[in-house]
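Here's the structure, in structure tokens; my notes come after.
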Protein chains: 2
Amino acid sequence: MTLPPDTQDETLTERQQAVLDAVLALMVEQGGELTMNAVARRASCSKESLYKWFGDREGLLTATVRWQASKVRTGNYDRTRLDALALRDSLIRFAANWLGVISSPTSIALNRFAIAQAGGGTPGGGLGAIMLANGRFAIGARLKPVLDAGRDAGLIDFDDTETAFRSFIGLVGRDVQIRLLLGDTLRLTPGEIEADAARATDQFLTLYGTANPVPGLPKTNA
Amino acid sequence: MTLPPDTQDETLTERQQAVLDAVLALMVEQGGELTMNAVARRASCSKESLYKWFGDREGLLTATVRWQASKVRTGNYDRTRLDALALRDSLIRFAANWLGVISSPTSIALNRFAIAQAGGGTPGGGLGAIMLANGRFAIGARLKPVLDAGRDAGLIDFDDTETAFRSFIGLVGRDVQIRLLLGDTLRLTPGEIEADAARATDQFLTLYGTANPVPGLPKTNA
DNA sequence: AAAGGTCCGTACCGTACGTTACGGTTCCCT
DNA sequence: AGGGAACCGTAACGTACGGTACGGACCTTT
């Protein structure tokens, strides 16, 4: 009669968090073959405890996704005083951070799981909806204030913040995520991430910047 | 003793093609739960025939991916004489075509399958490698001649064709593919596809175009 | 008409996995 | 020290699915 704890809000024991970390580790190294037996063995816990804590396999997976999402949340990027250089710096740091996240083995493994079961008949979306809410839409909510502030400061110009935001993440991410998800052996070193972030940001500023661009960065046809 | 027909090159009976179409239909409507029984029932054939024709489940899946890929191949986009308007038109048609492909239910379902098993221990990449070869890399090989021709004609300028190409598909695709894969209810009408293709192309030409842009398209901060 | 091949429908087998149940151990509370 | 809760390890159960085997129908060939 134990109803599934779908309303769990950060109420996780240290032990349970360790279990979820074990799930993440298994997802990363073992890939799509994730059995309850393997989780129990890896986490050194009994399957009975797994079912008591998370209800069923689906509950364990959603708890894992939420757990990882709660670990990824970083600081905001908005500032009070904003000049062209500060805006560019904020955008570059945002882009580099996001590239680091989406190219991390954990994010790749988690997205694979969410995508694999997004097609199933699970109503409500399941893991895919959670990944979208905590990934795509969360970063949108975090970056849009920066873009709006840049527009208010007269540094950039656009009609729709959403459209500008999508152009930016398109320039930043390009085909990285889909290639990594499909198993492409694509290594992003921290140096490449930083360079890509700067290139994408400068391209974005070229497209949406006003007449006062950052000096010395007219066009970057890298 | 029937060795698996891994060297099948378009040698498919009409019956077998119908079976693969049934697999595609099942992938689209049923999602990740694809059993051999369901395929046999849907295609009105026996499981024995499935195993005789495709070896095993993996062979059936790879044959399906190849079959779909062979259906998507469209005409090339290169031209002999190229002015600014012709280049822009080629890019727009290419972008619209690609957007239509990646937003089609068949492509989404197929990518879901390839991604789901790309994490598994299957060496060589499996379906993911096939999807990459026939998707991402195939369109690259098809578009790069156009970009190079545009550069030779002095219409656009860049150092690395690959980098320019990746910026282009970033501007075109943005976050469409990952959102659809995660189950986002995102509908792309033909009109939106055409508008997105034009916007992305004009943004690309703004970034990489030379001093002679298409008249009347200086900046499109849509 | 007889023979042989191809294929459909179904039944069957072995295994893997999700889920449940149980005995033994550790730890906390009083 | 005694009682109880939580938990670990393992065994057991039911189902689902990949893969195989078999009987019968249809079609072609001679």
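The sequence lines fix the lettering, A, B, ..., with proteins before strands; numbering per chain opens at 1.
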For this session: With sequence neighbours left out, write down each residue that passes ring-ring contact (aromatic ring centres under 6.0 Å, His included) with A:Phe113, or none if nothing qualifies.
Result: none
Problem set entry | Charged N-O contact under 4.0 Å between B:Arg112 and B:Glu33 | no
For this session: Could you pull out all residues at least two apart from B:Ile102 that satisfy side chain to side chain contact (heavy atoms under 4.5 Å, CB included)?
Result: B:Trp98, B:Leu99, B:Val176, B:Gln177
For this session: Send over the distance from B:Glu58 CD to D:dC17 P, rounded to a whole Å.
Result: 18 Å
For this session: May I ask you to say whether B:Lys71 pairs ionically with B:Asp21, meaning some side-chain N is under 4.0 Å from a carboxylate O?
Result: yes
For this session: Check every strand shown and say whether B:Leu60 touches a base, only sugar-phosphate, or nothing at a heavy-atom separation below 4.0 Å.
Result: nothing
For this session: For the pair A:Glu162 and A:Arg136, find out whether any cationic side-chain nitrogen is under 4.0 Å from an anionic carboxylate oxygen.
Result: yes
For this session: Whole angstrom is fine here: how far is it from CG in B:Leu50 over to P in D:dA21?
Result: 16 Å
Exercise. Are B:Arg93 and B:Asp89 close enough for a salt bridge, meaning some N to O gap below 4.0 Å?
Worked result: yes
Problem set entry | Short side-chain N/O contact to D:dG9 OP1/OP2 from A:Ser46, under 4.0 Å | no
Exercise. So, is A:Trp53 near the phosphate of D:dA6, with a side-chain N or O under 4.0 Å from OP1 or OP2?
Worked result: no
Exercise. For A:Gln16 and D:dA6, what is the distance between atoms CD and P respectively, to the nearest whole Å?
Worked result: 12 Å
Seminar exercise, completed: Between CG of B:Leu61 and P of D:dG19 the distance, given in whole Å, is 11 Å
Exercise. Counting side-chain heavy atoms from C-beta on, which of D:dC17, D:dG19, D:dG23 comes nearest to B:Glu48?
Worked result: D:dG23
Problem set entry | Boundaries of the DNA chain C segment in contact with chain A, non-hydrogen, under 4.0 Å | C:dC17 to C:dC22
For this session: Nearest whole angstrom, please: distance from the C1' of D:dC8 to the OH of A:Tyr51.
Result: 16 Å
Problem set entry | Carboxylate-amine/guanidinium proximity below 4.0 Å for B:Arg42 and B:Glu29 | yes
Exercise. Of the candidate nucleotides D:dA6, D:dA12, D:dG23, which contains the atom at the shortest distance from the side chain of A:Lys52?
Worked result: D:dA6
For this session: Ignoring the backbone of B:Lys47, work out which of D:dC7, D:dG19, D:dC17 is nearest its side chain.
Result: D:dG19
For this session: Calculate the interatomic distance between A:Glu14 atom CD and D:dC7 atom P; express it in whole Å.
Result: 14 Å
